[in-house]
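Hydrogens, waters and symmetry mates play no part in the numbers below; they use all other heavy atoms, side chains included. Whatever order the structure lists ligands and atoms in, that order sets their numbers, starting from 1.
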Amino acid sequence: MKKEEENPSAENPQKLLNLTTKPSKRWAAGVPAVVAALTDLVEEGIPLRGLRALAKMNQKGGFDCPSCAWPDPDDERSVVGEYCENGAKALAEEATSKKLTARFFRENSVYDLALLTDYEIGKKGRLTEPMYLRNGGTHYEPISWENAFNKIAEHLNALDDPNQAAFYTSGRTSNEASFLYQLFAKEFGTNNMPDCSNMCHETSGTALSATIGVGKGTVTLDDLHEADVIVVIGHNPGTNAPRMMSALEKGKRNGAKIIAINPLPEAGLLGFRNPQQLNGVFGNAVQLADLFLPVRINGDMALLKAIELLLYREEVRSPGLVFDWDFIEKNTTGFEAFVMHIRSHNLEKLVDAAGLSIDLVRQAAQILSDKKRIIFCWGMGLTQQPNGVDMLKEIVNITLLKGSIGIRGGGLCPVRGHSNVQGNRTMLIDEKPTARQLDRLRDVFGFEPPRAHGFDVVKTIHAMHDKRLKVFFAMGGNFISATPDTTYTAEGMRKVNLSVHVSIKLNRSHLVHGKEAIILPTLSRSDKDIVNGEAQFISTENSMGVVQSSKGILDPVSPNLINEVQIICRLAMATLGSRSVVDWGKYHDSYDAVRDVIEKCIDGFENYNTRVRQSGGFYLPNAARDGKFLTEQFVDKAPFTISPVPEIQLAEGEYLMATTRTHDQFNTTIYGLEDRYRGIKNERRVVFMNEKDIKSEGFKDGDVVDLYNYDDGIERKAPLFIIVAYNIPQGNVVTYFPEANVLVSINNVVGESNMPAFKFVRVRIRKHFDVK
Ligand SMILES: Nc1nc2c(c(=O)[nH]1)N[C@H]1C(S)=C(S)[C@@H](COP(=O)(O)OP(=O)(O)OC[C@H]3O[C@@H](n4cnc5c(=O)[nH]c(N)nc54)[C@H](O)[C@@H]3O)O[C@H]1N2
Ligand SMILES: Nc1nc2c(c(=O)[nH]1)N[C@H]1C(S)=C(S)[C@@H](COP(=O)(O)OP(=O)(O)OC[C@H]3O[C@@H](n4cnc5c(=O)[nH]c(N)nc54)[C@H](O)[C@@H]3O)O[C@H]1N2
Ligand SMILES: [Mo]
C-alpha cells in the first residue's frame, strides 16, 4: 500500500524536540508577559493588524477575546489594555494573514499533513474556502458552498434515523449561531449535541443544579473584589484565566486571604505582576496565596472533609461563631445527617489521604472559621476527577455551612473555559434539554422537538464505534485531539460516513476523518462580519453570566468565508427544504431577527436587542446569586449532601497522572513550545515527577521514558516522554494535553456527569530503551 492510502496516526508525531529547563517561577505575568504577547503578533507577520485589533479587544463596543470566558470589569476598562498575554496569543493565532489555499491542499496529502505536530499544523494559516475529501481520496479538493451543503444534506437525509447524526459544538460559537444550531438539530430530529462542556464544566453544572438549583456560578467580578477569603482549587489562573489575576490582586488589596489548593505550585497562584498597570510591569510581584496546600491528585475530597471537621469542632467550641445558623435554617435541608457524617471521620486519616500536613489543614480551617464572605473558584483539577461531582457538592456544603451564597463577596465561581461555552448551554446546546425548554421551542416554532436525551461526547465516541453514528458534524473544536483514548476515538471517527468541520484553521480532526470529509471555513471573532452590506455583531455570555456584544474589526483573509449563522441556515435549508417550519432565510440575513426569537424562547433575554447594545451588556438572572435555591426536589432549599472519600489504591510502580495545559496553548491550539512558568522550553513531551519517585524507580532527571495505561485490560502507550524533576506530590505525575490523551481510557469517566477523568489516569513509567 502506498503510504498515502494508509491511515495516518491520530496522535502528534512521537518524536522529541530539544528540551531545556529552568527553575519554575514564583510569580506570573510582568514584563515577560508583555514581551510574549507582542512577539506572537510579529511572528504571525501582523504587528499592525494585530495591535489595532488588540486595542479593541474586550473594550466596550469592541470584540470579546476569543480565548477564555473571564469577565470584563463592569466599570472602568484598563487603558493599558484589557487583555492578557494569552488573549494576545489567541488573537495572533486567528488574525494571522497566512492563508491555506486550494494549492496548499493539492500539494499536501492528508497523510503528509498528519505527520506534522499540532503546533506545525496550526501555524499553516487560515482556511479560505470549503474543502472536500472524497471516499478513498488522499487530498482535499475545493468544493463550492452550495455543493458542500447539498452533500451534507444528502448524507443527513439518507439516514434511517436522525439519531444517526451528531452535532458537536466547541465553546467559541456565538449565542446567535448556537441557538440556530440546536434549533436545526432538533428540527432535524435529534438531541445528539455533544459539546466541549461534556469535557469541561459538565461536572460543575451537574453538581450545582442538584444543590443550588442553577448550573452556573453565583458570583460577579465585584464579589471577588469584596471577598474575605478566595479559595482557588484545581485551577491555574496565571495561564488559563490571566485576567482573573487582577481580580485576585484587587481582592487581596482589599484584605482578602487567598488559599490555593493544587498539586503543583503554579506561578500564577503564588505571585503576580500586573501587566495592565505600569507599577505592575516594573514593580515587585504581589504575593497572592496566603496559604498554599500542595494536595495530592484527587486528595481534595479528603481535604474538604478535614476542613469541615475542623470547622465543626470550632463551632462546638465557640457556638455561633463558625456556622451561619439563620442561613442553614432558612435555606438548607439535610444538616443533621451531614453533621453526623462529618463527625464520623478521623482527622488524621483525612489529612493523610489528602497528602498534607495537619498543620497546613488547620491553617486553612483557621482562615475560614470566622469568615462568611468566602468564594470558591475551581477549574479542571476538580471537574475532571472521577468523583468531581461529589467534590463540588462538598464545596457547596462548606458554603452552606458558612452562609456564603447569595451575599456580596461570597459564592461559587466555576471558572469557565471557552469564551462562550456558558452561552452555548444557555442557548440550549445540551444533549439533555428539559421538558420545559422543549415545550417552549414547540410553542414558538410549531414543531415537536425530540424528547429523548442524545449523545454526549463519550457516548458519541461509542456510537461511532458501534456504527450507530453515521454523520458527525462539528461547529468548531478539534474532537480527535481533545477527546480521550485517541486511538479508540480515531477508529470510531473513521467508521462514520461523513465528518464535517466548521473551522477557522486546519486541525487534526480534519486529517483523521470519516469516509468522506468536508471542511467549512468561517469567520473568527475578530473578523468583520458584513451581511447585506451591514456590519453585524454577535453576542456571548461570560463566566459570570454577563451577555455582551462582540464586533470584529479585521478584514477577513478571504472573500469566500461566511459566518456560522449563515452556514447553519444554509445547511438547514438544504437539508430540511419544505419540511421546515422555521424561516431560515430571515435568520440568515439578520442577527437581530435571531435575537428576537431567542428572547421568546429563553428566560432572561427580555429586550435582548436593546440591552445587548448597552455598553457592557447585561446580567442574566441567577436565583442562587440572589439567595434563592430553586431546587425542585428539595422544595426551594439547598441540600447538604453526603459523599464518600474515595479509597485510591495504587499498585506498586503505578502513578496517578493529571494532564494539563502549558502556558503556550489554547486547548489543542499550540501557540508555541514553551511552558514559561514551569521552566520548560522547546518540548511538550515531558512528565513532571517527584525527585524521590525518580530515584526509587532508578531513573534520572532528563531520562526518556514511555508511559503506559492498562485500564480495561488494554495496553495504551505514549512513547518518548522526558522526565522533569518537579515539586509535585509523590505518587503523582503531570503531562500535557493533548499528547497524553492516548493514555486516557474512554471508560475512565466522572460519575454522573460522564466527563472523561483527564486528571485521574493510572500510568506506569518505563525507560525507553531504543533511544540513540
Ligand atoms: N491560555 C489558555 N487559556 C485557557 C485555555 C487554554 O488552553 N489556554 N483553556 C480554556 C479552557 S477550555 C478551560 S476548561 C480552562 C482550563 O483551565 P484550568 O482549569 O486551569 O485547566 P488545566 O490547565 O487543565 O489545569 C488545572 C489545574 O488543576 C491542577 N490539578 C490537577 N489535578 C488536581 C487535583 O487532583 N486537585 C487539585 N486541587 N488540582 C489539580 C493542575 O495542576 C492545574 O494547575 O482554561 C481556559 N482558558
Ligand atoms: N487530556 C485532556 N484533554 C482535554 C482537557 C484536559 O484538560 N486534558 N480539557 C478538555 C476541555 S476543558 C475542553 S473545553 C476540550 C476542548 O475541546 P475543543 O473545543 O474541541 O478543542 P479546541 O482545541 O478548543 O478547538 C480548537 C479548534 O477550534 C477551531 N476554532 C477556533 N475558533 C473558531 C471559531 O470562531 N469558529 C469555529 N467554527 N471554529 C473555531 C479552530 O480551528 C481550532 O482548531 O478539550 C478537553 N480535552
Ligand atoms: Mo474547557
| Under-4.0 Å salt bridge between K99 and E129 | no
| Identity of the nearest option to atom 4 (C) of ligand 1, non-hydrogen atoms only, from F666, Y736, Y671 | F666
| Where does the angle between the aromatic ring planes of F479 and F472 fall among parallel (under 30°), tilted (30 to 60°) and perpendicular (over 60°)? | tilted
| Between Q384 and ligand 1, is there a nitrogen or oxygen pair with a distance under 3.5 Å? | no
| task | Assign the ring pair Y181 / F167 to parallel, tilted or perpendicular, where the plane angle (0 to 90°) is split at 30° and 60°. | result | perpendicular
| Exercise: identify the closest heavy-atom pair between N748 and P386 | OD1-CG, 4.4 Å
| request: Mind checking whether N236 contacts ligand 1 via backbone (N, CA, C, O), side chain (CB onward), both or neither, at a 4.0 Å heavy-atom cut-off? | output: both
| query | With distance as the sole test, does H510 use its side chain to make a donor-acceptor pair with the main-chain N or O of N507 at under 3.5 Å? | reply | yes
| remark: the protein heavy atom lying closest to atom 23 (O) of ligand 1 turns out to be N240 ND2, 3.0 Å
| For S524 and ligand 2, does the shortest N/O to N/O distance drop below 3.5 Å? | no
| task | Among all protein heavy atoms, pick the one closest to atom 12 (S) of ligand 1 and tell me residue, atom and distance. | result | N667 ND2, 3.3 Å
| query | For atom 40 (C) of ligand 1, which protein heavy atom lies nearest, and how many Å away is it? | reply | P263 CD, 3.3 Å
| said: On a heavy-atom basis, I'd like to know which of I504, V744, L506, I538 is closest to atom 30 (N) of ligand 2. | reply: I504
| remark: The answer for which part of K759 has a heavy atom under 4.0 Å from ligand 1 is side chain
| task | Kindly indicate whether a cation-pi arrangement holds for R678 with Y736, taking the cut-offs as under 6.0 Å to the six-membered ring centre and within 45° of the axis. | result | no
| request: Look at ligand 2 and say whether R525 reaches it with a heavy atom at a distance under 4.0 Å. | output: no
| field | Numbered atoms of ligand 1 (with element) below 4.0 Å of C200, judged on heavy atoms | value | 14 (S)
| For atom 11 (C) of ligand 1, which protein heavy atom lies nearest, and how many Å away is it? | G417 CA, 3.2 Å
| Nearest to atom 28 (O) of ligand 1, what protein heavy atom do you find, and at what distance? | G381 CA, 3.3 Å
| request: Return a yes/no value for V502: is any of its N or O atoms, backbone included, closer than 3.5 angstrom to an N or O of ligand 2? | output: yes
| query | Can you find an N or O of T660 that's nearer than 3.5 Å to an N or O of ligand 1? | reply | no
| field | Aromatic centroids of H663 and Y671 separated by under 6.0 Å | value | no
| request: Could you tell me if any non-hydrogen atom of E94 lies under 4.0 Å from any atom of ligand 2? | output: no
| message | Please classify the V421 to ligand 1 contact at 4.0 Å (heavy-atom distances, strictly less than): side chain, backbone, both or neither. | response | neither
| Contact (N/O only, under 3.5 Å) between M475 and ligand 2 | no
| query | To which protein heavy atom is atom 44 (O) of ligand 2 closest, and what is the distance rounded to 0.1 Å? | reply | N507 ND2, 2.7 Å
| query | Do the ring planes of F105 and Y140 sit parallel (below 30°), tilted (30 to 60°) or perpendicular (above 60°)? | reply | perpendicular
| remark: Logged contact type for Q385 with ligand 1, heavy-atom cut-off 4.0 Å, is side chain
| Does an N or O from I233, backbone or side chain, lie closer than 3.5 Å to an N or O of ligand 1? | no
| Stepwise side chain to side chain contact (heavy atoms under 4.5 Å, CB included) test for T483 and M199 | CA-CA 8 Å; T483 48; M199 298 186 272; 4.0 Å; yes
| request: Considering only non-hydrogen protein atoms, determine which one is nearest to atom 36 (N) of ligand 1 and report residue, atom name and distance to 0.1 Å. | output: D300 OD1, 2.8 Å
| query | Starting from atom 35 (O) of ligand 1, which protein heavy atom do you reach first, and at what distance in Å? | reply | N298 N, 2.8 Å
| Proximal candidate to atom 29 (C) of ligand 1 [heavy atom criterion; set N262, L303, V734, I261] | N262
| query | Got the closest protein heavy atom to atom 20 (O) of ligand 2, with its distance? | reply | Y168 OH, 2.6 Å
| said: Show the atoms of ligand 2 that are less than 4.0 angstrom away from any heavy atom in T522. | reply: 36 (N), 37 (C), 38 (N)
| Heavy-atom nearest neighbour of atom 13 (C) of ligand 2 within options M755, M657, R661 | R661
| Between N741 and ligand 2, is there a nitrogen or oxygen pair with a distance under 3.5 Å? | yes
| request: Answer yes if the side chains of Q385 and N298 hold a donor-acceptor pair under 3.5 Å, and no otherwise. | output: yes
| field | Test of proximity, A482 against ligand 2: N or O pairs below 3.5 Å | value | yes
| query | Of the listed options (G234, G388, G299, A658), which comes nearest to atom 26 (C) of ligand 1 when hydrogens are ignored and any heavy atom counts? | reply | G234
| task | Return the residue, atom name and 0.1 Å-rounded distance of the protein heavy atom closest to atom 19 (O) of ligand 1. | result | M380 N, 2.7 Å
| request: Run the contact test for H501 against ligand 2 with a 4.0 Å cut-off on heavy atoms, strictly below, and give the result. | output: no
| request: Quick one: closest heavy-atom pair of K216 and P414, and the distance? | output: C-CG, 4.4 Å
| field | Side-chain donor-acceptor contact under 3.5 Å, S524 with D527 | value | yes
| task | Kindly check if the number of other-residue, nucleotide or ligand heavy atoms within 6.0 Å of NZ (K459) is above 12? | result | no
| N/O separation below 3.5 Å, T483 to ligand 2 | no
| message | Is there a polar contact, in the sense of an N or O pair closer than 3.5 Å, between E266 and ligand 1? | response | yes
